Amino acid sequence: QVQLVESGGGLVQAGGSLRLACAASGRTDSIYAMGWFRQAPGKEREFVARITWSGTRTYYADSMKGRFTISRDNAKNTVYLQMNSLKPEDTAVYYCAAQLGVSGTYVGWGQGTQVTVSS
């Protein structure tokens with residue numbers, strides 16, 4: 001299976017930037033795509049962005065387009081989420097997960113990393 005560890009979260013002022021990282025280990029050869037999700041207290045988990053493991057395709061939630069960029073570094077088995085122009089409503093725990101097929105479910109959820117955006 002795949003194990004994932006998120007990092008890079010923290011406290012940032014509105015309008016600032018953060019770069020999150022998701023390091024993958026285990027059976028990374030089985031990964032088709034990686035996704036970023038977020039969940040605020042009392043709210044459902046929300047899709048943020050997705051990238052194929054090959055890095056050839058990306059997809060973003062509409063609210064994140066133009067502000068967030070997903071990328072990956074094969075040498076480090078790591079996927080990144082560059083977040084710019086952060087807003088207080090971006091405050092959430094951010095998670096990454098692995099998709100093992102083009103239409104497969106997401107697995108290997110990490111512990112998440114807290115992002116807090118102050119006004």
Side-chain angles (χ1 to χ4, degrees):
Q1 279 297 314
V2 175
Q3 296 82 46
L4 305 173
V5 179
E6 301 95 338
S7 63
L11 176 64
V12 65
Q13 191 174 10
S17 300
L18 284 173
R19 190 177 78 158
L20 308 183
C22 175
S25 61
R27 297 184 59 86
T28 57
D29 58 327
S30 66
I31 298 175
Y32 173 76
M34 296 288 292
W36 281 101
F37 301 79
R38 68 186 185 185
Q39 187 169 23
K43 298 183 179 180
E44 294 185 0
R45 184 170 294 165
E46 176 187 21
F47 170 78
V48 175
R50 174 180 179 270
I51 187 171
T52 56
W53 196 236
S54 66
T56 59
R57 295 181 181 181
T58 59
Y59 182 81
Y60 300 90
D62 288 341
S63 61
M64 263 63 77
K65 290 181 179 178
R67 298 192 300 125
F68 292 6
T69 302
I70 189 170
S71 62
R72 62 95 173 87
D73 185 334
N74 289 121
K76 299 179 180 179
N77 281 334
T78 300
V79 174
Y80 302 94
L81 183 69
Q82 178 67 45
M83 306 186 295
N84 299 322
S85 301
L86 285 165
K87 307 173 182 178
E89 50 263 45
D90 294 320
T91 296
V93 177
Y94 284 70
Y95 301 89
C96 63
Q99 188 179 22
L100 303 186
V102 64
S103 299
T105 59
Y106 285 94
V107 299
W109 300 93
Q111 294 297 308
T113 184
Q114 177 70 49
V115 172
T116 303
V117 184
S118 62
S119 300

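Note that the coordinates shown come from a computational prediction; the quantities given were computed from them, not determined experimentally.
In terms of heavy atoms, Thr91 sits closest to Ala40 at O-CB, 3.8 Å. Scanning both residues, Thr113 and Gly9, for their nearest heavy atoms gives OG1-N, 3.0 Å. Across every non-hydrogen atom of Leu81 and Ala49, the tightest pair is CD1-CB, 4.3 Å. Shortest non-hydrogen contact noted between Val102 and Arg50 is O-NH2, 4.0 Å. Here the closest heavy-atom approach between residue Ala24 and residue Leu4 is recorded as CB-CD2, 3.5 Å. Nearest approach of Arg67 to Ser85, heavy atoms of both residues: NH1-O, 3.1 Å.
The line from OH of Tyr106 to CG of Leu100 is 10.5 Å long, rounded to the nearest 0.5 Å. Ser118 contributes atom OG, which lies 10.0 Å from atom CG of Leu86 (distance to the nearest 0.5 angstrom). The structure places SG of Cys96 at 9.0 Å from CD1 of Ile70, a figure rounded to the nearest 0.5 Å. Interatomic distance, Trp53 CH2 to Asn74 CG, rounded to the nearest 0.5 Å: 6.5 Å. Rounded to the nearest 0.5 Å, atoms CZ (Arg72) and OG1 (Thr58) are 11.0 Å apart.
Scored by the salt bridge (charged side-chain N to carboxylate O under 4.0 Å, His left out) test, Lys76 finds no partners at all (sequence neighbours excluded).
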**OP:** Apply side-chain contact (heavy atoms from CB on, under 4.5 Å) to Ser63 and Glu46, showing your working.
**Re:** CA-CA 11 Å; Ser63 61; Glu46 176 187 21; 4.1 Å; yes
**OP:** Verify side-chain contact (heavy atoms from CB on, under 4.5 Å) between Val79 and Trp36, making sure each step is shown before the conclusion.
**Re:** CA-CA 9 Å; Val79 174; Trp36 281 101; 3.7 Å; yes
**OP:** Start with the C-alpha gap between Tyr94 and Met83, add the side-chain angles, then the distance that decides, and say whether side-chain contact (heavy atoms from CB on, under 4.5 Å) holds.
**Re:** CA-CA 11 Å; Tyr94 284 70; Met83 306 186 295; 3.8 Å; yes
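When the side chains of ILVMFWY residues are joined at heavy-atom separations under 4.5 Å, either directly or via intervening members, Met34 and Leu18 end up in a single hydrophobic cluster. Connection of Val93 to Val117 is not established within any shared hydrophobic cluster, with ILVMFWY side chains joined at heavy-atom distances below 4.5 Å, either directly or through further cluster members. In the hydrophobic clustering of ILVMFWY residues, with side-chain heavy atoms under 4.5 Å counting as a link, Phe37 and Tyr59 come out together. Note on Tyr95: it does not cluster hydrophobically with Ile51, by side-chain heavy-atom contacts below 4.5 Å among ILVMFWY residues. The hydrophobic clustering, which links ILVMFWY residues whose side-chain heavy atoms are closer than 4.5 Å, places Leu20 and Phe68 together.
Residue pairs meeting the side chain to side chain donor-acceptor pair (under 3.5 Å) criterion with at least one member in residues 1-17, sequence neighbours excluded: Ser17-Asn84.
A salt bridge does not link Asp90 to Lys87: none of the charged side-chain nitrogens sits closer than 4.0 Å to a carboxylate oxygen.
Applying the 4.5 Å side-chain rule to ILVMFWY residues, one finds that Tyr80 remains a lone member of its cluster.
With hydrogens and angles ignored, the 3.5 Å screen pairs no side-chain donor or acceptor of Arg57 with any backbone N or O of Thr52. In terms of modelled atom types and a separation under 3.5 Å, the side chain of Gln99 and the main chain of Gly104 share a donor-acceptor contact.
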